Amino acid sequence: MSIEIKHLPKHIGIIMDGNGRWASRQNKPRLFGHRAGVETIRDIVKLASKYQIEVLTLYAFSTENWKRPKAEVSGLMKIFGEYLRKEIKELYSNNVKFRIIGDRDPLSARLKDEICKAEKLTENNTGLVLNIAVNYGGRSEVIYAVKTIAQMVVDKKIQIDQIDEKIMDKTLFTEGLPDPDLIIRTSGELRLSNFLIWQCAYSELWFTPVLWPDFNEEVFMEALNDFQNRKRRYGGI
Ligand code: IPE
Ligand code: IPE
Ligand code: MG
């Protein structure tokens with residue numbers, strides 16, 4: 001399998017699914033799977049830098065994931081805090097620009113503070129942009145954008161006729177970033193589950209039955225290789 005650097009996706013989004021099933025198959029609690037999933041995140045962030053990917057967006061927790069049992073939700077938040085505390089220095093020294101996308105309001109004050117610190121520390125880094133989607137939902141992101149734009153109209157900053165895709169793009173969490181070229185979903189589910197629904201309009205989708213804790217360089221290369229053979233037409237011929 002050969003990878004041509006010049007035909008790589010600039011922005012990859014990953015729906016990291018299957019941690020729970022990975023754990024259940026070993027008769028372990030679901031949180032064991034989530035912890036294993038963090039190890040994969042570590043590896044994939046390094047690989048994304050290695051392959052000179054510009055932006056990596058990882059779906060970690062959706063606006064719908066609050067429906068899960070309390071213990072799983074609080075376990076996930078705890079794991080996320082631990083990840084930040086452990087990894088941020090290394091992300092910083094690897095020139096990664098770390099950002100959270102999603103509504104952080106309902107997160108604990110401590111976690112919000114850690115997120116702020118991590119974003120601040122890495123804001124001038126020029127390497128990989130790493131977005132972690134936490135309490136993220138594509139629909140709520142679009143609603144937030146619509147409200148922001150409506151307010152701009154009310155304040156007479158713009159007129160209704162000026163509302164276009166550019167303004168929309170500027171109002172989303174992914175402001176200033178290219179749309180994802182490639183979306184990967186692990187665990188065999190064939191859906192987007194509310195991930196980047198506006199930005200995915202022309203993304204290439206790639207699905208694998210591999211569960212997130214088992215995702216590795218070989219599978220990642222398989223996805224990149226497949227991407228390189230896609231013909232992107234954007235409605236043209
Ligand atoms: C993905 O793994 C991680 C999160 C959604 C937080 P799941 O927890 O959805 O794992 P499965 O789909 O139940 O196996
Ligand atoms: C999508 O996975 C969300 C994340 C990976 C964070 P889910 O496991 O929540 O999605 P559904 O419920 O199978 O659609
Ligand atoms: Mg799942």
Side-chain angles (χ1 to χ4, degrees), residues 11-45 47-48 55-84 86-87 98-108 111-112 114-115 129-144 172-174 180 182-200 203-216 219-220 223:
H11 182 174
I12 300 179
I14 308 186
I15 303 171
M16 310 182 288
D17 200 9
N19 294 347
R21 277 164 282 173
W22 185 86
S24 302
R25 280 178 198 174
Q26 305 168 62
N27 293 316
K28 295 268 175 40
R30 292 178 57 86
L31 284 171
F32 181 77
H34 294 313
R35 285 191 188 283
V38 172
E39 299 302 318
T40 308
I41 294 180
R42 233 170 247 148
D43 297 344
I44 292 308
V45 169
L47 282 177
V55 186
L56 179 66
T57 302
L58 301 176
Y59 202 8
F61 192 87
S62 75
T63 46
E64 288 73 41
N65 287 145
W66 297 105
K67 291 180 200 158
R68 296 186 179 200
K70 258 200 186 129
E72 180 168 346
V73 171
S74 58
L76 278 165
M77 294 301 160
K78 190 170 157 230
I79 290 171
F80 181 50
E82 285 167 8
Y83 169 79
L84 271 185
K86 265 201 215 147
E87 294 300 306
F98 173 88
R99 312 193 334 177
I100 288 296
I101 62 168
D103 175 12
R104 59 185 78 181
D105 264 6
L107 308 182
S108 74
L111 194 49
K112 275 189 277 204
E114 273 160 357
I115 290 171
V129 174
L130 173 63
N131 297 315
I132 308 232
V134 179
N135 191 24
Y136 174 87
R139 288 186 172 181
S140 74
E141 181 183 34
V142 169
I143 289 171
Y144 175 78
L172 298 169
F173 292 123
T174 47
L182 173 65
I183 299 290
I184 295 173
R185 183 171 189 149
T186 56
S187 91
E189 308 298 348
L190 308 179
R191 56 180 170 263
L192 290 173
S193 302
N194 207 8
F195 187 48
L196 300 175
I197 53 170
W198 170 274
Q199 298 89 333
C200 273
S203 304
E204 297 297 322
L205 309 178
W206 193 80
F207 299 98
T208 172
V210 170
L211 304 174
W212 179 248
D214 291 329
F215 191 87
N216 57 21
V219 190
F220 189 55

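Order of listing sets the numbers, starting from 1, for every ligand and every atom in it. Being a predicted model, the structure only gives us computed values, none of them experimental.
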Original post:
Among Asp103, Asn194, Thr63, Asn135, which residue meets the side chain to side chain contact (heavy atoms under 4.5 Å, CB included) test with Ser140?
Top reply: Thr63
Subject >> Of Val219, Ile14, Ile183, the residue whose pairing with Trp206 passes side chain to side chain contact (heavy atoms under 4.5 Å, CB included) >> reply: Val219
Part of [X] with heavy atoms under 4.0 Å of ligand 2, whether side chain, backbone, both or neither:
X: Ala133; value: neither
X: Phe195; value: neither
X: Arg68; value: side chain

Original post:
Taking non-hydrogen atoms only, is Ala60 closer than 4.0 angstrom to ligand 1 via side chain, backbone, both or neither?
Top reply: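 Near ligand 1, Ala60 shows its backbone, while the atoms from C-beta on stay back.
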**OP:** Please identify which atoms of ligand 1 are closer than 4.0 Å to at least one heavy atom of Arg21.
**Re:** 11 (P), 12 (O), 14 (O)
Subject >> Mutual orientation of the aromatic rings belonging to Tyr59 and Phe195 [parallel < 30°, tilted 30-60°, perpendicular > 60°] >> reply: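 The rings of Tyr59 and Phe195 lie parallel, inter-plane angle below 30°.
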Original post:
With under 30° as parallel and over 60° as perpendicular, where do the rings of Phe173 and Tyr144 fit, or are they tilted in between?
Top reply: parallel
Subject >> Selected option - heavy-atom contact closest to atom 10 (O) of ligand 2, from Arg185, Met16, Glu189 >> reply: Arg185
Original post:
Under 3.5 Å between some N or O of ligand 2 and some N or O of Asn65?
Top reply: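 There is such a contact, yes.
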Original post:
Between Ser62 and Asn65, do the side chains contain an N or O donor and an N or O acceptor separated by less than 3.5 Å?
Top reply: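 On atom types as modelled, these side chains qualify, holding a pair under 3.5 Å.
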Original post:
What do you reckon, does Gly18 put a non-hydrogen atom under 4.0 Å from ligand 1?
Top reply: yes
Original post:
Got the closest protein heavy atom to atom 12 (O) of ligand 2, with its distance?
Top reply: Arg191 NH2, 4.6 Å
**OP:** Considering only non-hydrogen protein atoms, determine which one is nearest to atom 14 (O) of ligand 2 and report residue, atom name and distance to 0.1 Å.
**Re:** Ser193 OG, 2.6 Å
**OP:** Name whichever N, O or S atom of Asp17 ends up nearest to the Mg ion (ligand 3).
**Re:** OD1
